[in-house]
Number of protein chains: 2
Amino acid sequence: MSTAKNNKPTESELEILGILWEKGAATVRDVHDELSKSKDAGYTTTLKLMQIMHEKGYLNRDASSKTHVYTAAISQENTQQQLLNKMIDTVFNGSASQLVMQALGHHTSSKEELDKIRQYLNDIEDQQKR
Amino acid sequence: MSTAKNNKPTESELEILGILWEKGAATVRDVHDELSKSKDAGYTTTLKLMQIMHEKGYLNRDASSKTHVYTAAISQENTQQQLLNKMIDTVFNGSASQLVMQALGHHTSSKEELDKIRQYLNDIEDQQKR
DNA sequence: ATTTACTTACGAAGATATTCGTAGATCAAT
DNA sequence: ATTGATCTACGAATATCTTCGTAAGTAAAT
């Protein structure tokens with residue numbers, strides 16, 4: 001996985017990355033089928049996109065068999081963090097907690113999830129005390 | 001403020017919106033000066049951008065005097081929420097709490113902020129009980 | 001009234017992202 | 001070995017975003 005490079009994936013690229021993060025490894029056909037559920041694009045469009053992503057270093061490709069197999073070359077965590085940082089910066093006036101509350105406010109979360117977050121807050125605070 | 005329409009602002013548009021959300025109302029000159037602190041673009045570039053945003057319905061414009069005065073036509077909250085939702089959907093596997101924890105984990109937050117979030121969690125839970 | 005210092009409007013170039021048709025390779029089944 | 005299904009590579013059209021030069025208007029100061 002490693003380095004998230006310097007670039008940021010486009011909207012379409014993120015959709016593909018999302019699928020690959022979930023599936024782990026997949027062919028163009030796999031990705032395209034999954035994509036088709038929510039979108040409406042030709043097969044070669046998906047193919048081209050994934051080729052470009054490979055050139056950019058976003059995807060690894062195993063070309064040993066006729067049908068190539070792709071995996072994400074940039075980690076989900078890194079990408080998430082980069083997008084979050086930019087978003088906090090440009091849209092949330094630099095305040096992470098503002099983002100957090102906005103995210104919580106409009107999403108029904110289970111008690112378990114809320115507890116998990118509370119636990120997380122405690123951990124952070126403990127860590128800061130030391 | 002009202003409806004956040006169907007569209008999502010581009011990166012550049014968000015920068016301008018951010019400034020207008022903060023300032024409330026501003027001329028192209030105002031926005032451009034502010035923008036220049038972090039960016040390096042010509043005056044007419046900012047102008048054009050704001051004209052387009054006005055056409056798209058992102059900005060209101062008072063053209064009664066020679067120098068037009070702009071305000072944001074879409075609310076910060078709505079825009080934040082739309083961007084958050086898309087992000088949670090495509091990058092965080094639909095889990096808001098995953099986003100929340102990722103956001104908290106890599107940002108140093110003050111005790112006050114953390115408390116505020118905790119309070120917020122309690123409010124949400126109370127609300128759900130009823 | 002001319003100059004100077006702004007402004008907006010407009011068009012168009014440049015950059016980037018998205019889409020897809022077509023051609024050629026591969027392989028399994030007839 | 002021909003057909004049919006599926007794949008990759010490639011090029012190019014289209015769409016969208018970003019940038020800026022130029023022209024024309026306005027208003028204050030000389």
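Scope of the values below: all heavy atoms of this structure, side chains included, with no hydrogens, waters or symmetry mates. A note on names: the letters A, B, ... follow the listed sequences, proteins ahead of strands, and every chain is numbered from 1. Keep in mind that what you see is a predicted model, and the values were worked out from it rather than measured.
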Handout entry: Residue mapping more 5' on DNA chain D - nearest nucleotide basis, A:Leu47 or B:Glu11
Key =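 The residue whose closest nucleotide sits nearer the 5' end is A:Leu47.
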
Practice task
Hey, which sits more toward the 5' end of DNA chain C by its nearest nucleotide, B:Tyr43 or A:Tyr43?
Solution key: B:Tyr43

Fill in the blank from the handout: DNA chain C nearest-nucleotide lookup for A:Lys66 and A:Ala41: closer to the 5′ end is A:Ala41

Problem - Nucleotide of D:dT8, C:dT8, D:dC17 approaching A:His68 most closely (side-chain heavy atoms) - result: D:dT8

Exercise for the section: Check every atom of D:dC20, C:dT8, D:dT18 against the side chain of B:Lys48 and return the nucleotide holding the closest atom. Expected result: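 My answer, after comparing the listed nucleotides, is D:dC20.
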
Examine [N]: is either OP1 or OP2 under 4.0 Å from a nitrogen or oxygen in the side chain of [X]? Give yes or no.
X: A:Thr45; N: C:dC20; result: yes
X: B:Thr67; N: C:dT7; result: no
X: A:Arg29; N: D:dT6; result: no
X: A:Arg61; N: D:dC7; result: no

Hey, does [X] reach any base, or is it just sugar-phosphate, or nothing, if we go heavy atoms under 4.0 Å?
X: B:Thr44; value: base
X: B:Gln51; value: base
X: A:Ser12; value: sugar-phosphate

Test item: [X] side-chain N/O and [Y] main-chain N/O as donor-acceptor pair under 3.5 Å:
X: B:Asp30; Y: B:Thr27; value: yes
X: B:Gln76; Y: A:Val91; value: yes
X: B:Asp62; Y: B:Ser64; value: yes

Handout entry: Residue pair A:Asn85, A:Gln81: steps toward the side chain to side chain donor-acceptor pair (under 3.5 Å) verdict
Key = CA-CA 6 Å; A:Asn85 286 343; A:Gln81 196 57 47; 3.1 Å; yes

Exercise for the section: Measure from CE on B:Met53 to P on C:dA9 and round the result to the nearest Å. Expected result: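 One finds 16 Å between P of C:dA9 and CE of B:Met53, rounded.
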
Exercise for the section: Give the rounded distance in Å between these two atoms: CD of B:Glu55 and P of C:dA9. Expected result: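 After rounding, the reported distance stands at 10 Å.
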
